[in-house]
Amino acid sequence: MAVCVRQSRNNVINHVKSKMGLLGLTNLSSSLNNDHSTLSTASLAKDLRNQSSVFENKPTLYRTRRFESTKPHQRSGVHSNGAYSQFLDFPGGQVAFTPEMRFLSESPKERIPCYRVLDDDGQLIQGSIDVGKEIAVKMYSDMATLQIMDTIFYEAQRQGRISFYLTTIGEEAINIASAAALTIDDFVVPQYREPGVLLWRGFTLQQFANQCFSNKDDDCRGRQMPIHYGSKKLNYFTVASTIASQLPHAVGVAYSLKMDGKDACAVTYFGDGGSSEGDFHAALNFAAVTEAPVLFICRNNGWAISTPTSDQFRSDGIVVRGEAYGVRSIRVDGNDTLALYSTVRAAREMAIREQRPILVEALTYRVGHHSTSDDSTKYRPVDEIELWRSARDPIARFRKWIESNGWWSGEAESELRSNVRKQLLDAIQVAERTEKPPLVDIFTDVYDVPPSNLSEQEKWLRETIKIHPQDYPSDFTL
């Protein structure tokens with residue numbers, strides 16, 4: 001009789017848990033709707049959590065799901081008539097031997113499904129959802145406000161009043177719905193297309209205007225180009241233009257929260273183009289190994305500036321990469337406000353309670369140009385843009401849902417848009433009249449005692465301004 005190889009309890013646990021990663025989240029819609037008449041964020045997170053809670057102990061810096069095996073060695077004295085019953089102990093758990101030469105497929109037979117709650121007409125696909133009137137109306141109001149702000153600031157740039165701007169048109173739901181699912185204690189490490197998160201947290205329209213006009217009331221004191229917002233008060237790290245550099249930083253923030261035992265997580269955003277950077281891969285591996293409570297939210301809008309996703313990678317989007325790094329992942333409709341809210345809320349709860357990273361791929365579309373330095377009609381068809389603008393607009397879809405609940409009306413819409421437009425125009429006028437920060441601010445807040453090279457640069461700059469005053473703003477305070 002063949003000698004059976006008995007796996008340890010920990011290896012059984014690890015085997016079961018390894019099967020939960022992607023499947024636990026990619027089939028949210030079908031698995032939950034089959035069992036429950038009501039779709040709620042709490043039940044969604046609970047069902048996912050219960051799959052692994054029997055194996056989990058109280059969170060520590062390194063949890064019990066980590067493999068105990070650290071040194072590779074082959075079991076001695078294990079023989080069998082079947083090759084499938086032989087194993088190799090290897091870091092990460094036992095690996096079965098097989099006499100078959102079998103390569104892993106480069107792509108699955110079916111693409112990973114996309115979780116959604118609302119159809120294109122703004123109607124619930126099945127059941128109901130636990131989002132009340134107050135939060136629903138605020139989400140819609142902030143989405144509409146973000147859209148108006150983008151339109152007006154974009155026009156201001158075209159008029160030469162600010163130097164640069166970048167819109168979030170078509171991606172408002174990702175901004176606002178994800179922000180609504182977080183708490184103020186969660187640290188946001190953004191890319192540059194998430195001003196809606198700041199808007200939700202209380203950043204005022206005047207603060208947005210001050211930053212874009214780089215005046216003395218700007219929180220960054222004029223040292224960042226427009227739309228590179230930041231707020232220490234609102235736990236929102238200052239935007240950096242370098243693609244994907246924010247991802248490893250977010251993991252470090254999350255690990256710090258974990259070491260301090262905080263009931264919070266780090267959240268970072270990036271586009272599909274960011275996933276082609278090395279920082280993306282380093283960050284996911286870093287997060288998985290340290291089991292850091294961080295949410296990676298990818299805005300897969302199909303275009304990395306002018307490069308389509310088909311020219312970036314052959315994989316099924318971004319979501320499949322999470323499993324490869326040991327990160328639980330989900331794909332969600334990025335233009336479905338309710339689906340995003342439910343997903344991020346459930347992901348946040350899992351990240352903190354289970355001390356693990358979560359990857360969210362939101363499928364959406366960048367309706368606007370990449371920035372004011374771009375003309376997207378040069379590399380993508382206009383009818384494609386118009387399809388997403390008209391038929392798949394996240395704001396219009398969500399408005400239909402809140403109107404069907406009796407929470408919104410045409411009168412409320414007109415009043416909101418009129419008030420927001422007036423506030424923005426007033427804010428721009430105030431920001432334009434406010435003087436610029438003093439020149440000395442360029443050289444402060446880095447060193448306690450400025451080094452000699454910075455002192456020399458400051459001296460040269462002052463001399464240059466005196467020689468060429470016409471090249472500098474008249475209200476530039478020396």
Side-chain angles (χ1 to χ4, degrees), residues 29 110-125 139-140 143-152 154-155 158 165-178 191 193-194 196 269-275 297-319 331-341 343 360-404 408 413 417:
S29 182
E110 296 182 1
R111 300 194 69 179
I112 300 297
C114 183
Y115 171 58
R116 78 183 326 199
V117 174
L118 296 177
D119 63 21
D120 289 338
D121 293 324
Q123 302 301 311
L124 285 173
I125 296 173
M139 281 197 290
Y140 178 77
M143 287 168 65
T145 298
L146 184 58
Q147 184 186 66
I148 299 167
M149 183 175 77
D150 277 345
T151 301
I152 291 178
Y154 190 90
E155 293 173 351
R158 286 296 187 242
Y165 197 72
L166 184 151
T167 70
T168 61
I169 297 173
E171 302 176 39
E172 296 91 349
I174 297 175
N175 271 247
I176 302 302
S178 64
Q191 193 178 12
R193 216 178 292 274
E194 291 83 34
Y269 298 81
F270 60 102
D272 49 277
S275 72
I297 301 180
C298 175
R299 295 174 285 93
N300 186 349
N301 59 32
W303 293 91
I305 307 184
S306 60
T307 304
T309 53
S310 59
D311 287 348
Q312 289 187 68
F313 43 75
R314 290 292 300 274
S315 63
D316 180 13
I318 314 302
V319 67
R331 171 175 283 165
V332 61
D333 184 348
N335 288 15
D336 182 344
T337 305
L338 293 183
L340 276 160
Y341 174 77
T343 298
V360 177
E361 179 189 24
L363 300 184
T364 184
Y365 191 83
R366 170 172 54 79
V367 172
H369 304 301
H370 177 77
S371 71
T372 50
S373 302
D374 173 52
D375 179 2
S376 61
T377 62
K378 299 296 184 181
Y379 53 80
R380 57 183 186 175
V382 175
D383 57 350
E384 175 183 294
I385 301 173
E386 286 305 315
L387 171 65
W388 285 88
R389 185 194 304 275
S390 58
R392 298 174 181 173
D393 177 42
I395 299 179
R397 189 199 298 191
F398 193 53
R399 178 182 173 181
K400 291 176 182 177
W401 183 74
I402 61 174
E403 283 183 332
S404 68
W408 199 251
E413 181 78 11
R417 291 187 175 273

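- The side-chain contact (heavy atoms from CB on, under 4.5 Å) test applied to D383 returns P381, not counting sequence neighbours.
- Judged as a salt bridge (charged side-chain N to carboxylate O under 4.0 Å, His left out), and not counting sequence neighbours, D272 has no contacts.
- Under the side chain to side chain donor-acceptor pair (under 3.5 Å) criterion, S376 pairs with H369, R380, not counting sequence neighbours.
- Counting only heavy atoms from C-beta outward, the side chains of Y115 and D333 never approach each other to under 4.5 Å.
- Remark: side-chain polar atoms of N300 are not paired, donor with acceptor, to backbone N or O of A362 under 3.5 angstrom.
- Between S275 and F270, the closest side-chain pair of non-hydrogen atoms falls below 4.5 Å.
- What you find for S178 and I297 is that their closest heavy atoms are CB-CD1, 4.1 Å.
- When atom types are taken as modelled, the side chain of N175 and the backbone of G196 share a donor-acceptor pair closer than 3.5 angstrom.
- The closest donor-acceptor contact from the side chain of R158 to the backbone of T372 lies under 3.5 Å.
- A heavy-atom distance below 4.5 Å is not found between the side chains of I125 and V117.
- Annotation: the span from T145 atom OG1 to I176 atom CD1 amounts to 8.0 Å, rounded to 0.5 Å.
- Between E361 and R299, none of the side-chain N atoms (NZ, or NE/NH1/NH2) sits under 4.0 Å from a carboxylate O, so this pair counts as no salt bridge.
- In terms of the ring pair (Phe, Tyr, Trp, His ring centres under 6.0 Å) criterion, Y154 has no residue partners (sequence neighbours excluded).
- Residues passing the side-chain contact (heavy atoms from CB on, under 4.5 Å) test with S315, sequence neighbours excluded: F313, V320, R321.
- A search for side-chain contact (heavy atoms from CB on, under 4.5 Å) contacts involving A173 returns M143, T337, L340, P394, not counting sequence neighbours.
- To the nearest 0.5 Å, atoms CD (E172) and CE (M139) are separated by 14.0 Å.
- Rounded to the nearest 0.5 Å, atoms OG1 (T151) and OH (Y165) are 8.5 Å apart.
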Sequence neighbours left out, cut at 3.5 Å: what donor-acceptor pairs do the side chains of residues 301-311 make with other protein atoms?
residue : atom : partner : partner atom : Å
N301    : OD1  : W303    : N            : 3.1
N301    : ND2  : E171    : OE2          : 3.0
W303    : NE1  : E384    : OE2          : 3.3

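- Taking the salt bridge (charged side-chain N to carboxylate O under 4.0 Å, His left out) definition, one finds that D316 meets it with R111, R331, sequence neighbours left out.
- In this structure, D336 contributes its side chain and L118 its backbone to a donor-acceptor pair below 3.5 Å.
- Remark: T167 pairs with no residue by the side chain to side chain donor-acceptor pair (under 3.5 Å) rule, at least two apart or across chains.
- Legend: residues meeting side-chain contact (heavy atoms from CB on, under 4.5 Å) with E413, ordered by chain and number and at least two apart, are Y140, R399, W408, R417.
- Between D393 and N335, every side-chain heavy-atom pair lies at or beyond the 4.5 Å cut-off.
- Side chains of R193 and Y269 form no contact here, defined as non-hydrogen atoms less than 4.5 Å apart.
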Run the side chain to side chain contact (heavy atoms under 4.5 Å, CB included) check on L338 and F398 step by step: do they pass?
CA-CA 8 Å; L338 293 183; F398 193 53; 3.7 Å; yes
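- Residues that satisfy the side chain to side chain donor-acceptor pair (under 3.5 Å) test with T168, not counting sequence neighbours, are D150.
- Ionic pairing of K400 and D119 is not present here: no N-O contact between side-chain nitrogen and carboxylate oxygen is shorter than 4.0 angstrom.
- A donor-acceptor pair is defined here as one N or O able to donate and one able to accept, closer than 3.5 Å; no such pair exists between the side chain of D121 and the backbone of R397.
- Comment: E386 engages R389 in a salt bridge, judged by a side-chain N to carboxylate O separation of less than 4.0 angstrom.
- Judged as a side chain to side chain donor-acceptor pair (under 3.5 Å), and not counting sequence neighbours, R392 has no contacts.
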